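To start, the structure under review is shown below, and the notes come after it.
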There are 2 protein chains.
Amino acid sequence: MTAKDRRIMALSLALAERRVIHLKEAAALMLVSEMTVRRDVAENPDLFGTLGAHIIPAGRPDLEAPYAIDRAAESHSVAKRQASIYALRYLQPDETVFIDCGSTLTHLVDLIPADTRLTVVCYAFNTADRLIAKPNITLILLGGVYHPTSASFAGASGADTLSALGINAAFLSASGVDQQRGVSCEQFHEVPIKRKAMQMAQRRYLVCDQSKIGRVRPAHFADIDDFDAIITETGEMPLNTKA
Amino acid sequence: MTAKDRRIMALSLALAERRVIHLKEAAALMLVSEMTVRRDVAENPDLFGTLGAHIIPAGRPDLEAPYAIDRAAESHSVAKRQASIYALRYLQPDETVFIDCGSTLTHLVDLIPADTRLTVVCYAFNTADRLIAKPNITLILLGGVYHPTSASFAGASGADTLSALGINAAFLSASGVDQQRGVSCEQFHEVPIKRKAMQMAQRRYLVCDQSKIGRVRPAHFADIDDFDAIITETGEMPLNTKA
DNA sequence: CCAGTAATGTTATAAACATAACACGGCATG
DNA sequence: CATGCCGTGTTATGTTTATAACATTACTGG
């Protein structure tokens, strides 16, 4: 048993350093046949996964699910992407911007050119994840307790940190936008951060797809004319008739 | 040009939802031949990468580099893993623990069983990343400005948040441990958080490999007998003769 | 409308990969 | 010291993937 154990140990180790390792490489590494490595991997599905002949760490629940176009349509990802393309025009280089959580704004992050220098404040894990990969971004993450439903962090210190920052533009997301009942989201814990970010920002943009218009969700956080513009897949609609 | 553009757009979109997509699936999705998708992918190496017939988002600098055993040996990963195995014994279920940044403790995180319920406080991105995947962990991330060198966040609010937490055990890392000159790390911004975490914790463990013993690094943050134990690949050495 | 070029598809062939079947050696247990 | 199991390697076979060459279609500028 011990030789085998050593192998799976070594393989986990190698995978901790690199994210993938090729079957052939792994076999050469521990001086056994590819077949043996295959069997090791197959026997430990909780540890290892595989993409063709490449061994990867386990826990990629996204691999199994076939990509359903309807699911993508349902989630309005094309609309979100398009809205983000419009929103990108409001993102000025060398500024400090706040980026809200939610899947819409991850598209915005993806669209930021690699050479754009920017300071970004965020509180969502998936947003931070993408920003870390970009070399010219200074990232400020608001911490707190992690909420899996929105992949975001929430806590008192987040709003505190925000108060000490000078923010040029805030990009907010919402899952409900109603003329009378204002702008709302699903999670209450997002509200204090959204509000504080809007308060601190010079410019406020709401980015969402048209399907959100007319909907009301539980957590209200702003009125429509608190924003300088609402940006959807059909373009921007200037507001701020208040000021 | 426009049809092609639409395709790479759609492919980016699909990859934003799932992390990988199979060549065949992608071809079916946009109603072109696999060959065309191959060419699309090959023409945009800055957007897409490939693992066999699986298309993945670009920016995996770890793929190209062949896995060098010497580099692994150099980084003492086996020793770190072993030290973490010993450290795991001090991790009690249902407690609140602090986990420091640094590659050693990412091993500890990897070793936490999936069914262990735990509240974990951390401030390193790679630590948080691994913890999010674990269902029974409540994660508290200390935010702040991101420092790429240590993949960690630093800021005043981190220490503040810590003061409001009750921590049972703190697992610290270090890159220098010297009998006379105490325990030190590379980055000064880690010091306030390390100190506060130690101050708040009931039990304090230093986890590092033997190569760190006798070394002194720039940022001093504790003395040796501030710890309840120092845990290395050879096992734990109880201390705290102070108390 | 035509030539020329870019984009896409098709096919052929080689390489890589997956899987099953069987062979060999060690090393426990009776 | 045989028996049988376990771990491992080898081989054979079919499938998938990679690449290049060529055929077809679509698009462009004149």
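FYI, side chains are in, hydrogens and waters are out, and symmetry mates aren't considered; it's all heavy atoms of this structure. Letters A, B, ... are given to chains in the order of the sequence lines, protein chains preceding strands, and every chain is numbered from 1. A quick note: this is a predicted structure, and the numbers were derived from the prediction, not measured.
Ring geometry for A/Tyr146 against A/Phe125 counts as perpendicular: the plane angle is over 60°, on a 0 to 90° scale with 30° as the lower cut.
For B/Met35, whose side chain is taken as the heavy atoms from C-beta onward, the closest listed nucleotide among C/dT8, C/dT10, D/dT8 is C/dT10. Distance from the side chain of A/Arg38 is smallest for C/dC17 among the nucleotides C/dC17, C/dT8, D/dA18. Residue B/Val32 has its side chain nearest to C/dG9 when only C/dG9, D/dT17, C/dC17 are considered. Among C/dA18, D/dG7, D/dT17, the nucleotide with an atom closest to any side-chain atom of B/Ala53 is D/dT17.
The end-to-end axis angle of the helix from C/dC1-D/dG30 to C/dG30-D/dC1, rounded to 10 degrees and based on five pairs per end, is 30°.
To the nearest angstrom, C1' of C/dA16 lies 16 Å from CD of A/Glu25. Distance, B/Asp5 CG to C/dA6 C1': 14 Å, rounded to whole Å. Remark: C1' of C/dG26 and NZ of A/Lys4 are 15 Å apart, rounded to the nearest angstrom. In this structure, NE2 of A/His22 is placed 13 Å from C1' of C/dA18, rounded to the nearest angstrom. Taking atom CG of A/Leu23 as the reference point, atom C1' of C/dT19 lies 13 Å away to the nearest angstrom.
Heavy atoms from other residues, nucleotides or ligands lying under 6.0 Å from CZ of B/Arg215 number more than 12.
OP1 and OP2 of C/dC17 both lie 4.0 Å or more from every side-chain N or O belonging to A/His54. For C/dT8, the OP1/OP2 oxygens have a side-chain nitrogen or oxygen of B/Arg7 closer than 4.0 Å. Phosphate proximity of D/dT8 to A/Thr36: absent, as no side-chain N or O sits under 4.0 Å from OP1 or OP2. OP1 or OP2 of D/dG9 sits under 4.0 Å from a side-chain N or O of A/Ser33.
Ion pairing of B/Arg81 with B/Glu233 is absent here, as no side-chain N (NZ or NE/NH1/NH2) approaches a carboxylate O to less than 4.0 Å. The existence of a salt bridge linking B/Asp228 and B/Arg203 is excluded, since no basic side-chain nitrogen approaches an acidic carboxylate oxygen closer than 4.0 Å. The residues A/Glu95 and A/Arg117 are annotated as not salt-bridged, no charged nitrogen and carboxylate oxygen being separated by less than 4.0 angstrom. Ionic pairing of B/Arg38 and B/Glu43 is not present here: no N-O contact between side-chain nitrogen and carboxylate oxygen is shorter than 4.0 angstrom.
In this structure, A/Thr36 contributes its side chain and A/Val32 its backbone to no donor-acceptor pair below 3.5 Å.
Residues A/Lys24 and A/Arg39 both approach DNA chain C. Their nearest nucleotides, taken by heavy-atom distance, put A/Lys24 toward the 5′ side.
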